[in-house]
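Computation of the quantities below employed the complete heavy-atom set of this structure, encompassing side-chain atoms and omitting hydrogens, waters and symmetry-equivalent molecules. First the proteins, then the strands, lettered A, B, ... as listed; each starts at 1.
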Amino acid sequence: MVPEHIRKELSDHCAHYDSRRVGLIWVLQQLQEYYGGWLNDDAVREAADIVGVTEADAEGVATFYNWFFREPVGENVIVVCDSISCHLCGCDKITAHLEKRLGIKMGETTADKKYTLLPVVCLGNCDKSPCLMIGDELYDNVTPESLDKTLDEISSKPKAAAK
Amino acid sequence: MTTQKVLFKNIDTFKGVTPCSYEQYVKGGGYEGAKAAFKKTPHEVQQVIKDSNLRGRGGAGFPTGLKWSFVPMDNFKGQKYLICNCDEMEPGTFKDRALVYGDPHQLIEGMLIAAYALQMTKGFIFIRYEYKKGARILEEACAEAKKHGFLGKKLLGTDFEFELDVHLSAGRYICGEETALINSLEGKRANPRSKPPFPQIKGFLGQPTIVNNVETFCNMPHILAHGADWFKGLGLNGNAGTKIMGASGRVKNPGLWELPLGVPMRDILEKHAQGPSRGKAFKAVIPGGLSTPMMTPEQFDTPMDFDSIAKAGSRLGTAGLIVFDEGDCMVDSTANIMKFYARESCGFCTPCREGIPWILDIVRAIGAGNGEKDDMSILDDMSKHIMHTFCAFAPGAQGPFLSAITTFRSEFEAFIKSREAAAAGVN
Ligand SMILES: Cc1cc2nc3c(=O)[nH]c(=O)nc-3n(C[C@H](O)[C@H](O)[C@H](O)COP(=O)(O)O)c2cc1C
Ligand code: SF4
Ligand code: FES
């Protein structure tokens with residue numbers, strides 16, 4: 001459970017809308033961040049309780065959207081665009097390189113919980129294909145070499161302090 | 001001919017996009033459109049938009065003035081909502097990103113004008129999750145606008161108030177469909193709603209609601225500042241305004257350009273995108289984001305406007321060209337296209353949820369050399385089934401799909417034949 005002051009903040013935010021339910025997605029997003037990047041059953045229940053909807057409703061929403069995770073994910077979620085322009089410009093090579101370097105397949109998380117690798121649809125960045133995101137950062141015109149450099153930098157950084 | 005820069009006045013995507021500040025925006029004539037609007041009655045502002053012939057830039061090209069005219073006005077006392085659609089997940093489309101990241105106040109001013117014209121006191125910008133940084137840029141710009149009296153209460157010396165919230169989506173292509181967007185904003189699964197009732201009458205929380213695209217709103221400050229006739233003069237062959245056009249795929253210089261609505265497709269392909277990227281001739285173009293039928297080189301002189309592209313059998317859509325060359329296998333490309341739709345189907349209705357993955361399986365099998373003799377006729381049938389769906393998503397998938405299996409049928413057949421040949425022991 002989140003501490004009382006956070007719970008109040010989340011609840012107050014819902015009150016700001018003309019219907020509390022409008023806040024559900026935002027609340028789920030905040031809880032996901034709080035709980036280390038994914039929503040466990042308790043978090044979904046908690047969101048339902050804070051917003052004032054049924055558990056089934058909250059679960060329906062938590063399982064519908066691409067950016068809610070109902071399973072643990074790594075510290076860095078890498079999403080590789082595999083839509084048409086990136087496909088034409090070689091995203092398959094980028095994915096293959098990532099799979100090899102990280103030793104995982106699309107959809108998996110590394111054993112050290114550092115990376116999760118996922119496909120994503122068009123990132124709205126098609127003039128800079130192929131492209132991908134690592135966390136909130138967008139990377140343009142990615143090559144295996146540029147990717148190695150980026151990953152080296154991330155890997156050398158100490159693990160972000162756990163909440 | 002150099003095109004007049006209107007929406008991209010403060011944006012140069014080739015130099016890198018940084019948000020235009022409030023001061024810079026105002027220095028370039030920003031918020032003059034809103035000032036002009038507030039000197040008119042709401043009905044007069046609506047009339048200017050109607051007279052400008054502005055058509056929605058979200059893909060369907062619906063006349064904005066006409067869309068607005070269904071919103072209840074004078075005798076309606078309840079809450080009405082204004083929503084900006086910045087879901088932009090249509091592959092091949094990247095214009096709203098540039099508009100939001102490059103000039104957030106232009107969008108806010110456009111929404112303020114619309115809010116006043118429609119007397120809507122609450123608004124939302126619905127922005128896709130991957131544009132999280134854009135959402136931050138918009139939030140900062142909203143705070144700035146509020147500080148300067150362009151959002152909040154008692155705006156521009158009137159009693160009108162407008163509160164604008166930025167909603168970061170949790171991601172799903174179907175959220176871009178306006179009724180699904182409304183459900184999503186209400187904190188529900190983003191399944192589309194049946195129409196009627198139309199959002200203008202019963203939308204967000206059951207109240208009158210307008211959903212317009214980012215680029216549609218961004219045109220409004222300029223229309224109000226310079227007038228409907230000026231706006232009509234910006235396009236070619238009777239089309240009103242400029243359009244942000246894009247090109248990606250097999251072109252040498254992919255990017256975005258603000259061009260007159262009605263510019264020939266060839267101009268974009270050859271002049272701006274600078275021709276093929278790897279010395280192979282162009283083979284096909286999807287003209288307006290993935291959900292529009294493919295066009296072929298003999299159609300490249302078609303003007304890029306709603307009616308001309310429709311006459312040529314496709315749709316202007318978002319005017320983001322996706323370009324294929326002679327080296328591209330259209331069976332493989334079709335598989336990629338259908339993978340997108342199979343993944344993003346909201347799952348609400350059967351022909352879409354079941355039909356599209358079925359098509360994908362067959363196309364993949366053909367591409368892998370496992371095609372069957374009957375496959376093409378199954379694909380033909382399936383292309384009809386996916387037209388009978390609850391929303392426009394599956395018909396959108398049908399656009400590129402049907403054009404691919406029609407125009408490039410011989411490529412599909414060659415795969416199937418080579419398998420038959422292999423089975424018969426022929427080389
Ligand atoms: C599957 C689907 C996805 C859509 N995605 C978007 C989108 O991302 N952005 C957008 O502005 N319109 C999108 N639309 C169109 C909207 O439903 C709506 O027509 C548009 O936002 C209206 O704005 P306009 O009148 O200003 O063009 C989509 C439509 C469909 C059927
Ligand atoms: S056509 Fe597809 S996206 Fe639209 S309602 Fe049916 S299943 Fe959902
Ligand atoms: S297709 Fe990859 S960013 Fe658009």
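Chain A forms the most heavy-atom pairs under 4.5 Å with one residue out of B:N253, B:D328, B:D165, and that residue is B:D165. Among the candidates B:R343, B:H167, B:Q207, the residue making the largest number of heavy-atom pairs closer than 4.5 Å to chain A is B:R343. Each of B:G249, B:S184, B:G255 has some count of heavy-atom pairs under 4.5 Å with chain A, and the biggest count is that of B:S184. Counting heavy-atom pairs closer than 4.5 Å to chain A, the top residue among B:K95, B:E88, B:K133, B:Q79 is B:K133. Ranking A:A58, A:G60, A:C89, A:S19 against chain B, the residue ahead of the rest is A:G60, based on heavy-atom pairs under 4.5 Å.
Using a 4.5 Å cut-off between heavy atoms, B:Y81 contacts chain A through its side chain alone, with no backbone atom that close. Heavy atoms of A:V79 lying under 4.5 Å from chain B are absent altogether. Both the backbone and the side chain of B:A190 come within contact range of chain A, judged by heavy atoms closer than 4.5 Å. Heavy atoms closer than 4.5 Å to chain B are found in the side chain of A:L138, but not in its backbone. With a 4.5 Å cut-off on non-hydrogen atoms, A:D136 touches chain B through its backbone and its side chain both. Contacts between B:V251 and chain A at a heavy-atom distance below 4.5 Å are absent for every atom of the residue. Neither the backbone nor the side chain of A:S129 comes within less than 4.5 Å of any heavy atom of chain B.
Using a 4.5 Å heavy-atom cutoff, the side chains of B:I174 and A:F64 are in contact. In this structure, B:F94 and A:N125 have side chains that are not in contact, with every pair of non-hydrogen atoms separated by 4.5 Å or more. Taking 4.5 Å as the limit, every side-chain heavy atom of A:L123 sits out of range of all side-chain heavy atoms of B:M89. A:R21 places none of its side-chain heavy atoms less than 4.5 Å from the side chain of B:E186. Using a 4.5 Å heavy-atom cutoff, the side chains of A:Y65 and B:C175 are in contact. Inter-residue side-chain proximity for A:W26 and B:L168 is flagged as unmet; no heavy-atom pair is nearer than 4.5 Å. B:S333 places a side-chain heavy atom less than 4.5 Å from the side chain of A:I84. The shortest distance between side-chain heavy atoms of A:N66 and B:Y129 does not fall below 4.5 Å.
The two residues A:S85 and B:I322 come nearest to each other via the heavy atoms OG-CG2, 4.0 Å. A pairwise comparison of heavy atoms in B:L205 and A:D18 identifies CD1-CB, 3.7 Å as the closest pair.
Here B:K132 contributes atom NZ and A:W67 contributes atom CH2; the two are 8.5 Å apart, rounded to the nearest 0.5 Å. Considering OG of A:S83 and CD of B:E344, their distance stands at 8.0 Å, rounded to 0.5 Å. Residue B:N336 holds its CG atom at 9.5 Å from SG of A:C86, rounded to the nearest 0.5 Å. Taken from CZ in B:F340 to SG in A:C122, the straight-line distance is 7.5 Å, to the nearest 0.5 Å. Atom CG of A:L88 sits about 8.0 Å away from atom CG of B:D325, to the nearest 0.5 Å. B:I337 CD1 to A:H87 NE2: the interatomic distance, rounded to the nearest 0.5 Å, is 9.0 Å.
The backbone N or O of A:V61 sits nowhere less than 3.5 Å from a side-chain atom of B:R189 that would complete a donor-acceptor pair. Proximity of a side-chain donor or acceptor of A:Q29 to a complementary backbone N or O of B:S169 within less than 3.5 Å is detected. Proximity of a side-chain donor or acceptor of B:R97 to a complementary backbone N or O of A:G124 within less than 3.5 Å is detected.
Electrostatic pairing of B:K339 and A:D82 counts as a salt bridge here, judged by a charged N lying under 4.0 Å from a carboxylate O.
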